[in-house]
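Heads up: the structure comes next, in structure tokens.
These numbers come from the heavy atoms of this one structure, side chains and all, not from hydrogens, waters or symmetry mates.
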Amino acid sequence: MELQLPYYFNLAPNYDATLTPRWMSERGLMLGGEFRYLGEHQKAEISGEILPDDRVESTNHGDERRALRFHHTSRLAAGLTTRIDTSSVSDNDYLDDFGTGLAITSTRHLERVGEIVYRRANWQLLGRLQEFQTVDDGLSTNLYPYQRLPQLLATYSNELGNSGLDLDLSTEYTDFQHDTLINGERFTLRPALSLPLSRSWGHLTPRLSLNYATYRLDEERVPDAPRPDYFVPAFSLDSGLVFERDSSWFGSGAIQTLEPRLYYLYAPYDEQSDIPDFDTADLTLSYANLFKENRFSGSDRFGDAKQFALGITSRWLQSDSGLERFRASIGQIYYLQDREVQLTGPIEETSSSSLVAELSTRVGSYWRGLLTLRRDSNLDEKQIEAGRLGIHYRTPEQHLINLDYNYSRNSIEDLDFSFNWPFSHRFTLTGKWKYSYLYERKMNRILGFEYGGGCCWKLRAYYQRDVAEEDVKDLSIEEDRRFMLQLELKGLGNVGSRVDTTFEEYIYGYQAGQ
């Protein structure tokens with residue numbers, strides 16, 4: 001059993017405090033507190049909890065359990081802002097023992113970051129210090145994120161006079177620190193020139209970029225190559241046409257478009273296998289990513305390329321409002337040479353990428369649909385590599401229906417159904433059901449309700465059984481079960497767990513406080 005009783009202190013018009021004793025029948029009495037401040041140019045929130053003597057003994061933690069969170073933003077001058085966001089807990093079991101909601105209890109890394117940003121005209125400057133507290137005992141230390149101590153970034157974008165040429169420039173210095181992996185400093189410089197030629201019937205954009213990165217690595221770990229670098233110029237030519245014709249959409253006037261797009265990309269090969277992976281990953285193949293200059297995110301790799309991407313999109317636009325009712329796109333990359341630069345694995349030798357198709361539709365005012373597919377003809381068996389089907393219904397009165405099917409070859413096959421349905425101005429029923437066909441087990445089940453007693457109070461409750469995403473493949477791990485109850489007294493606050501914010505976390509489209 002658990003009971004929370006918040007005490008609110010309205011200290012001044014611009015700052016307040018809340019003290020929350022939390023009694024837990026098995027563990028004892030925890031004291032939580034929150035202080036909030038709002039100024040003309042800054043705001044801050046600091047909160048914490050402490051359990052002086054946990055009655056549940058464990059070798060994973062001591063008797064005293066505590067947590068601290070601090071968030072602060074400010075505007076020091078025109079265009080100059082700062083942000084501090086930090087969290088810490090006393091031990092790795094804290095969130096599992098005292099957190100509520102799957103997003104909190106599944107958290108593996110608590111971020112601690114301080115930023116200062118300056119924006120002026122065409123410039124943006126960023127300074128950042130970032131580190132993490134990892135709270136997952138089962139995670140290998142090699143999978144811990146790198147710390148950035150510091151990261152300095154500058155970007156510039158502007159048209160060169162009246163020439164029509166656009167200049168883009170970005171440069172970055174980052175010092176990456178890690179307890180077990182290679183430490184190192186990275187400096188990047190990426191200038192680019194483009195000439196966007198755009199008309200109502202199409203566009204043509206040639207672009208030339210120079211991509212340079214140099215490193216200073218820990219000489220004790222990499223004595224043979226402590227100063228690797230790469231320099232890759234890249235040229236792209238993006239072209240597209242727009243054809244239109246009058247049409248109709250379920251009896252209403254509409255404009256149908258046909259928009260073919262051709263994208264050519266050339267980037268020579270430069271050896272990069274001696275460079276560590278600090279913050280880089282392969283981009284997920286989507287229709288938009290067919291037309292990207294680099295097939296990697298981050299700056300530790302720049303892919304060699306001699307390829308062109310071909311895509312076509314068709315839309316139905318409502319004539320009177322311009323609202324997009326339907327969009328269908330399909331495209332593919334065709335490779336003229338093998339891709340030698342890789343994060344892991346051998347050289348890619350296929351002649352084409354997976355075929356990517358995307359479809360979205362909006363029927364009436366409340367129904368929306370989404371379908372994405374990736375088909376790889378190089379696979380021996382099932383050629384569907386990944387896909388997603390989503391159907392969503394949402395009204396201003398919070399009537400919600402969501403159906404999502406998500407598939408990724410050999411890793412994900414889930415069906416997710418959720419709803420929120422007000423039967424009257426007083427009674428609302430909420431539910432969720434998620435099932436993994438790949439592992440043949442239920443992942444998440446929720447059934448909840450809300451009952452409003454006229455003008456002055458609301459009662460919310462739900463029962464939940466779930467398994468964390470990372471544990472779904474381990475059939476020996478049983479479902480967590482929880483029951484939550486919240487009584488909201490309008491004008492006085494609420495007592496109990498924030499059931500409405502849990503609904504917001506799990507039910508797509510749900511808005512807490514509505």
Q.
Using side-chain hydrogen bond (donor to acceptor under 3.5 Å, both in side chains), reason through Arg368 and His392 one step at a time and then give a plain yes or no.
A. CA-CA 5 Å; Arg368 289 177 175 83; His392 304 282; over 6 Å; no

(Q) Regarding Glu45 and Ser47, do their side chains bring together a donor and an acceptor under 3.5 Å, going by distance alone? (A) no

Q: Give a yes-or-no answer on whether the side chains of Asp279 and Tyr146 include a donor-acceptor pair shorter than 3.5 Å.
A: no

Q | Tyr435-Tyr437 aromatic ring centre distance below 6.0 Å | A | yes

**Q.** Name of the residue among Arg445, Arg482, Lys432 meeting salt bridge (charged side-chain N to carboxylate O under 4.0 Å, His left out) with Asp466
**A.** Arg482

(Q) Tell me every residue that passes side chain to side chain contact (heavy atoms under 4.5 Å, CB included) with Arg394, counting only those two or more places apart in sequence or in another chain. (A) Leu400, Gln511

Q: Would you name the heavy atoms of Gly331 and Leu355 that are closest together and state the gap between them?
A: O-CD1, 3.5 Å

Q. When the ring planes of His399 and Trp421 are compared, do they come out parallel, tilted or perpendicular, using 30° and 60° as the limits?
A. perpendicular

Q. Does Tyr156 OH have over 12 foreign heavy atoms under 6.0 Å away?
A. yes

Q. Quick one: does Arg120's side chain have a donor or acceptor within less than 3.5 Å of a partner on Leu125's backbone?
A. no

Q: Look up atom CG in Asp404 and atom CG in Leu415, then write down how far apart they are to the nearest 0.5 Å.
A: 8.5 Å

Q) salt bridge (charged side-chain N to carboxylate O under 4.0 Å, His left out) with Arg325: which residues, sequence neighbours excluded? A) none

Q) Can you name the closest pair of heavy atoms from Leu110 and Leu95 and give their distance? A) CD2-CD1, 4.1 Å

Q. For residues Ser157 and Asn122, is any side-chain donor paired with an opposing acceptor at under 3.5 Å?
A. no

Q: Please indicate whether Tyr7 has more than 12 foreign heavy atoms, meaning atoms of other residues, nucleotides or ligands, lying under 6.0 Å from its OH.
A: no

Q. Are the side chains of Tyr37 and Gln42 in touch, meaning some heavy atoms are under 4.5 Å apart?
A. yes

Q.
For Tyr451 and Trp457, take the angle between the two ring planes, folded into 0 to 90°, and tell me which bin it lands in: parallel under 30, tilted 30 to 60, perpendicular over 60.
A. tilted

Q | Residues Asp376 and Arg409 bridged, charged N to O under 4.0 Å | A | no

Q: Kindly indicate whether a cation-pi arrangement holds for Arg261 with Phe291, taking the cut-offs as under 6.0 Å to the six-membered ring centre and within 45° of the axis.
A: yes

Q.
Any carboxylate oxygen within less than 4.0 angstrom of a Lys/Arg side-chain nitrogen, looking at Glu49 and Arg69?
A. yes

Name each donor-acceptor pair under 3.5 Å that joins a side chain in residues 241-254 to protein atoms two or more places apart or in another chain, with its distance.
| unit_1 | atom_1 | unit_2 | atom_2 | d |
| --- | --- | --- | --- | --- |
| Arg245 | NE | Gln256 | OE1 | 2.8 |
| Arg245 | NH2 | Gln256 | OE1 | 2.7 |
| Ser247 | OG | Trp316 | NE1 | 3.3 |

Q: Measure across Leu258 and Ser314 and return the closest heavy-atom pair with its distance rounded to 0.1 Å.
A: CD1-CB, 4.3 Å

